[in-house]
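All values reported here derive from a predicted model rather than from experimental measurement.
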2 protein chains.
Amino acid sequence: MLEARLTQGSLLKKIIEAIKDLVQDANFDCSDSGISLQAMDSAHVALCALLLKSDGFEPYRCDRNLSLGINLNSLSKMLKCSGNDDVITLKADDEGDILTMLFESPNQDRLCEYELKLMDIDSEHLGIPEQEFDCTVKMSSTEFARIVRDLSTLNESVTISATKEGVRFATAGEMGKGSVFLKPNSSVDDSSSSGSLPTTIQLSEPVSVTLSLKYLNNFTKAAPLSDTVTLQMTNDIPVLIDFSVGEIGYIRYFLAPKINEEE
Amino acid sequence: MLEARLTQGSLLKKIIEAIKDLVQDANFDCSDSGISLQAMDSAHVALCALLLKSDGFEPYRCDRNLSLGINLNSLSKMLKCSGNDDVITLKADDEGDILTMLFESPNQDRLCEYELKLMDIDSEHLGIPEQEFDCTVKMSSTEFARIVRDLSTLNESVTISATKEGVRFATAGEMGKGSVFLKPNSSVDDSSSSGSLPTTIQLSEPVSVTLSLKYLNNFTKAAPLSDTVTLQMTNDIPVLIDFSVGEIGYIRYFLAPKINEEE
DNA sequence: TCTTAAGCGC
DNA sequence: GCGCTTAAGA
C-alpha cells in the first residue's frame, strides 16, 4: 500500500494545476523512491515529467510499486476542497481502485477525507533521455511567464536565442514585432533589490529555437512552484523547461521546437 | 527622425488607455515642439486632443515633422508589455512605416524592443478654437469619475449646473433621481486632509449643460493621469474637459451638450 | 456570453 | 490592505 503525507499540501495543489491543462488522465507511478508521472499532451507535442521524491513526504511508505490512473480534472476538483495550509495524506491499497486523500487543517479542527476513483490508463512510458544541452538559462519564473504572456499577444510562436551576451525572446506578427532581451546578471552581487531574480546563462554553443507560445503559456502554470525556471536548449532538439518543486522534486516539460522554415 | 525618451513610461500607458476606447486609429503628429494628437470618436460626437511637450522627454529629437498613423489598440497591447517602471523610448524614421519602442527596466537587466506597424490615416485636422468659457470648475478627478459612474446607473445623460454657490450634477431616470452638489472649497486653506481635493469655481455666467454619461465615463479613463480635472462650460457650446499629463502636457476632451429639450 | 475567482498594482 | 484588471468556469 501507499501512504504519503505531505506537510505542505498546497504544493500538491499547485502541481496538479500545472499539469491538468496539458494532460487529462495520467498514471502516478509510486515506488519506494517516490511518486512520478510522465505523460504527453493530447496532441503528443509536449511531454510533462513530474518527480516527487519519497523523502519529501513525512512519512512515506510504499510497499509495492503502484500505478495510480488518475483523471487530473477530478483530482484538481478534490484538491480544491483542501485548505492551503492543510496537510495532505495520500493513501492507496495495493489492490484497490481508489485513492484516498486526507486533508488535515493545521489546528486539527477539521479532517477531510476524499476518495477518488482510479482509472485504467494505458501508460506510454516514454524513455526520456538524460541528455546534455548546449545552453542552460536560469531565470526568474515570473519574468519568464511575463515574457511568454506578452509575446503571445503578437503571434503564436517565439524564437529564443541565447549567446553569452544574453537571451532573446522574439516574435513578429501582423501588428509588428516584439523582442525581449535579458542580460545575464553581472557577477557582482547586485543586491540592489532590483525586483527580479538574476538571469544566468551557461552555454557551449549559441542556440536558437522556435517554440509554441501556447504550450509555453501552459508550462508557466508551474511558476507558482518555484522562483526560478531553467531552460535547457540545443538546436533542433526538444527544449527542457524545469521548475523545481520545493526541495522535493521537479516538474519538467519538454517541447519540440518548430523546424526553422519561414511559414 | 523622431526619438523621444520618456522616463516615466507609465504615463504613456495611461494616456493610451485614456484614448483607445474613444478612438481606434489616429495620427500622432510629431514636431520639434512635441507630440500631439487630435481625433474625433467614431460617432463624431466627441473630440480628443493630446499634447505632450518636447521638454517632457529626455532627450527629445524630431528633425522633420512626422505624422504617425497608429492603431491605438495595437499600441495599447504593446505598451502592456512594458513594466510600469520602465523607461520608454519612441523612435521613427522619416520614411519608415514603423514605430519602434524601447522598454528599459530600471536596472537595465531587461531590454524590450517592439515595432509597431504604422498606418495611413486620413487626418481630419480639426481647428479647435481657443475660446473663453463662462464657467471653469476645477475638481478632484477621482471624484468626478465617481460621480459620473454613480449617475450612469440612473440614466444616459447628466445635467451639470454651476453657480457661484457650487456645481450640481443631476440626472433622473426610471428608478428615480440623483443629484450631487459640490461646494467650492472655502478660501481658507482647509488642510483638514478631507480625503478629496478642493473644488474651485470661476464663472462670469451661470451655466447648465446636459451631457452624455457614456462619453463622460470614457473621458474619466484619463483620471489616473491627474489628481484634478478642469471642466470648462458655456451654455450650448461644447464642454472642454481637461486632464493634465504630469508636467508635460494634457489630454482634453470636447463634448457637445445635448440641446435642452425634454426627450 | 456572463459570472466568478485569482493575481497585480496602488 | 483594498481595488482593479485579467483569466477561468458556468
Side-chain angles (χ1 to χ4, degrees), chain A residues 9-24 41 71-86 140-154 156 193-197 213-227 229 243, chain B residues 8-21 72-88 103 105-107 110 112 140-150 152-153 193 195-197 217-228 243 245-246:
Chain A
S10 60
L11 277 184
L12 188 58
K13 301 175 72 167
K14 289 175 187 168
I15 288 166
I16 302 308
E17 291 307 300
I19 304 178
K20 78 173 213 290
D21 289 338
L22 208 61
V23 180
Q24 282 73 49
D41 79 295
N71 176 285
L72 291 173
N73 231 315
S74 302
L75 177 57
S76 166
K77 282 183 185 172
M78 285 196 182
L79 286 173
K80 282 181 179 163
C81 302
S82 72
N84 269 331
D85 299 326
D86 285 2
S140 154
S141 63
T142 56
E143 180 137 50
F144 179 67
R146 169 72 193 259
I147 291 168
V148 167
R149 192 191 63 198
D150 284 350
L151 297 185
S152 297
T153 62
L154 294 181
E156 293 178 350
S193 70
S194 48
S196 203
L197 290 167
L213 282 163
K214 178 169 148 283
Y215 278 97
L216 293 181
N217 247 326
N218 254 323
F219 302 165
T220 60
K221 297 289 200 303
L225 284 162
S226 174
D227 287 338
V229 60
F243 298 84
Chain B
Q8 195 180 348
S10 60
L11 276 184
L12 188 58
K13 300 175 73 167
K14 291 176 186 167
I15 288 166
I16 302 307
E17 290 308 299
I19 303 178
K20 78 172 214 286
D21 290 339
L72 292 172
N73 231 313
S74 301
L75 177 57
S76 166
K77 282 185 184 173
M78 285 196 182
L79 286 173
K80 282 180 180 164
C81 301
S82 73
N84 269 331
D85 298 327
D86 284 2
V87 175
I88 297 183
F103 307 151
S105 67
N107 59 12
R110 189 185 57 183
C112 307
S140 154
S141 62
T142 56
E143 181 139 49
F144 179 66
R146 170 69 191 261
I147 292 168
V148 167
R149 193 190 63 197
D150 285 350
S152 298
T153 62
S193 69
S196 203
L197 291 166
N217 248 325
N218 256 322
F219 302 165
T220 59
K221 297 289 199 304
L225 283 162
S226 175
D227 288 338
T228 60
F243 298 85
V245 176

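- Nucleotide D/dT6 holds its C1' atom 14 Å from the NZ atom of B/K77, rounded to whole Å.
- One can place NZ of A/K13 at 11 Å from P of C/dG7, the figure rounded to the nearest angstrom.
- In this structure a side-chain-to-backbone donor-acceptor pair under 3.5 Å is missing from B/S226 to B/V245.
- The side-chain heavy atoms of A/R146 and A/D150, taken from C-beta on, include a pair separated by under 4.5 Å.
- Contact check, B/K80 against D/dT6: a side-chain N or O comes under 4.0 Å of OP1 or OP2.
- No side-chain donor-acceptor contact under 3.5 Å links A/S10 and A/N84.
- Whole-Å rounding puts the B/E17 CD to D/dC4 C1' distance at 13 Å.
- Relative to the side chain of A/K221, the nucleotides D/dA8, C/dC10, D/dC4 differ in distance, and D/dA8 lies closest.
- C/dG9 atom P lies 7 Å from atom CZ of A/R146, rounded to whole Å.
- One can place NZ of B/K14 at 15 Å from P of D/dC4, the figure rounded to the nearest angstrom.
- As a whole-Å value, the separation of A/L225 CG from C/dG7 P is 12 Å.
- Between B/N84 and C/dC8 there is no side-chain N or O to OP1 or OP2 distance below 4.0 Å.
- Summarising the local packing, NZ of A/K221 is surrounded by more than 12 heavy atoms from other residues, nucleotides or ligands at distances under 6.0 Å.
- Atom P of nucleotide D/dA7 and atom NZ of A/K20 are separated by 16 Å, given to the nearest angstrom.
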